[in-house]
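As structure tokens, the structure follows; a few thoughts come after it.
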Protein chains: 2
Amino acid sequence: MAKYALPVGRVFHALGDPTRQAVVDRLSAGPVSVGELAVPFEMALPSFMKHIRQLELAGLITTSKVGRVRTCTLQPAAMAVAESWLARQREVWERRTDRLEHFVATSQPREPIA
Amino acid sequence: MAKYALPVGRVFHALGDPTRQAVVDRLSAGPVSVGELAVPFEMALPSFMKHIRQLELAGLITTSKVGRVRTCTLQPAAMAVAESWLARQREVWERRTDRLEHFVATSQPREPIA
DNA sequence: TGCATACTTAGCCATAAGGCTAAGTTATAT
DNA sequence: ATATAACTTAGCCTTATGGCTAAGTATGCA
């Protein structure tokens, strides 16, 4: 693993972990400090920080430090990219399916064409 | 890892690998046999099959065997679930941002309200 | 029947991922 | 000046992941 052709791969990989998914969920309600974010997770801080860094690398969040507090902010644009990728695949599939249905409906009509 | 609260976690994890993402991309164009699907990947068949099984477990594809050929079919519903999750998070974020903007715009007006 | 095709199963191996402790560093509070 | 808070860095450990080979099974073709 570890090599992603498209940046969207990084986003999916980042979201493919329950801790990180929960962090994103929490951040959708607004920016939160690392310390506060970490509370619900039964995990040492350094372990938690690794997840934060991965989310940042994937572009899903940005962080900035003021004093000794680092605050995390969701980056909805990254999610939009993933969303678009998924939507595009479904679209291709659905178009194809529609064409197929149209073909079936028109190639063997019950009544011969007048 | 390996425990997902929501099935959507499994979907993200499955898509978080370039091989599997490429397979999904290919399958959006229509069902393909395992053998054909495997061709573009420089990988032994057993390795490739593991990816297929993971995609199936995530619900992203279904497979069925006819004779000695197993054919893979995309399951757009699973993608829709992931899409919805992403859309929901963004929605929450955007609603909050809108409220915030509204607050800023109304609480300190430049001109006093007539 | 004999042989090739298309997976399957089993088992091994190296690296990546996720988690931990211990020991910093920097900023705030006393 | 100290102590505490909030991360950071370093390094170790275990399991999961992704890939391989070798051998097995079930089909289809000659």
Side-chain angles (χ1 to χ4, degrees), chain A residues 1-7 9-27 30-73, chain B residues 1-7 9-27 30-73:
Chain A
M1 236 217 284
K3 291 232 169 146
Y4 300 101
L6 305 164
R10 231 169 239 295
V11 173
F12 284 134
H13 183 254
L15 291 173
D17 171 278
T19 300
R20 293 191 292 262
Q21 198 183 321
V23 168
V24 167
D25 186 64
R26 180 92 194 295
L27 286 178
V32 186
S33 73
V34 168
E36 257 189 273
L37 263 181
V39 174
F41 301 95
E42 296 183 348
M43 189 184 296
L45 231 222
S47 310
F48 186 73
M49 281 298 298
K50 282 192 188 175
H51 290 297
I52 296 297
R53 263 177 247 126
Q54 281 195 48
L55 286 168
E56 202 171 3
L57 264 173
L60 279 162
I61 69 172
T62 53
T63 75
S64 68
K65 205 169 180 176
V66 175
R68 50 189 170 167
V69 175
R70 181 173 294 279
T71 299
C72 306
T73 305
Chain B
M1 235 220 285
K3 289 230 169 146
Y4 300 101
L6 305 163
R10 230 171 239 297
V11 173
F12 284 133
H13 184 254
L15 291 173
D17 171 277
T19 301
R20 292 191 294 262
Q21 198 182 323
V23 167
V24 167
D25 185 64
R26 181 91 194 293
L27 286 179
V32 186
S33 72
V34 168
E36 256 190 274
L37 263 181
V39 174
F41 302 95
E42 295 183 349
M43 189 184 298
L45 231 223
S47 310
F48 185 74
M49 281 299 297
K50 282 192 188 175
H51 290 298
I52 296 297
R53 264 177 246 125
Q54 281 195 48
L55 286 169
E56 202 172 2
L57 263 172
L60 278 162
I61 67 170
T62 52
T63 74
S64 68
K65 205 169 182 177
V66 175
R68 48 190 172 163
V69 176
R70 179 173 295 281
T71 298
C72 305
T73 306

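Since we're looking at a predicted model, the values are computed, not measured.
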Length of the line joining [X]:[atom1] and [N]:[atom2], which is rounded to integer Å:
| X | N | atom1 | atom2 | answer |
| --- | --- | --- | --- | --- |
| B:F48 | D:dT17 | CZ | P | 18 Å |
| A:D17 | D:dT17 | CG | P | 11 Å |
| A:L57 | C:dG18 | CG | P | 13 Å |
| B:M43 | D:dC20 | CE | P | 7 Å |
| A:K50 | C:dT21 | NZ | C1' | 12 Å |
| A:R70 | C:dA27 | CZ | C1' | 14 Å |
| A:I52 | D:dT9 | CD1 | P | 14 Å |
| A:M49 | C:dG18 | CE | C1' | 15 Å |

Listed nucleotide nearest any side-chain atom of [X], set [options]:
| X | options | result |
| --- | --- | --- |
| B:A44 | C:dG18, D:dT21, C:dC7 | D:dT21 |
| B:H13 | D:dT8, C:dG18, D:dT17 | D:dT17 |
| A:T19 | D:dC20, C:dC7, C:dG19 | C:dG19 |
| A:S47 | D:dC20, C:dG18, C:dG19 | C:dG19 |

Could you write nucleotides 22-30 of chain D as a row of B, S and -, 5' to 3', where a protein heavy atom under 4.0 Å of any base atom gives B, of only sugar-phosphate atoms gives S, and otherwise -? B----BS--
Look at A:H51 and C:dG19 and indicate whether a side-chain polar atom (N or O) is within less than 4.0 Å of OP1 or OP2.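 Answer yes for this pair, as a side-chain N or O of A:H51 is under 4.0 Å from OP1 or OP2.
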Tell me whether the side-chain N/O atoms of B:R20 come closer than 4.0 Å to OP1 or OP2 in D:dG18.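 B:R20 to D:dG18 OP1/OP2: side-chain N or O found under 4.0 Å.
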So B:R20 and B:L15, do their side chains get closer than 4.5 Å, heavy atoms only?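 No - every pair of side-chain heavy atoms lies 4.5 Å or more apart.
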Determine the minimum heavy-atom distance between A:A58 and A:V11, stating which atoms define it.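 Shortest heavy-atom contact: O-CG2, 3.6 Å.
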Minimum heavy-atom distance between A:G9 and B:Q21, given as atom pair plus value: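 Here A:G9 and B:Q21 meet closest at CA-OE1, 3.4 Å.
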Scan for side-chain hydrogen bond (donor to acceptor under 3.5 Å, both in side chains) pairs involving residues 33-43 of chain A, sequence neighbours excluded, and state none if there are none.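 Passing the test, one end in residues 33-43 of chain A: no pairs.
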Between A:E42 and B:E36, who's closer to the 5' end of DNA chain C by nearest nucleotide?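 Result of the comparison: B:E36.
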Using a heavy-atom cut-off of under 4.0 Å over every strand shown, decide if A:Q54 touches base, sugar-phosphate, or nothing.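 Counting heavy atoms under 4.0 Å across all strands, the contact made by A:Q54 is with sugar-phosphate only.
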Test of understanding: with side chain to side chain donor-acceptor pair (under 3.5 Å), list the residues that count as partners of B:T63, not counting sequence neighbours.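 Residues passing side chain to side chain donor-acceptor pair (under 3.5 Å) with B:T63: B:E56, B:R70.
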Picking from A:I61, A:L60, A:I52, A:V34, what satisfies side chain to side chain contact (heavy atoms under 4.5 Å, CB included) with A:V23?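 Single pass found, and it is A:I52.
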Take A:L27 and A:T73 through the side chain to side chain contact (heavy atoms under 4.5 Å, CB included) test and state the conclusion after the steps. CA-CA 7 Å; A:L27 286 178; A:T73 305; over 6 Å; no
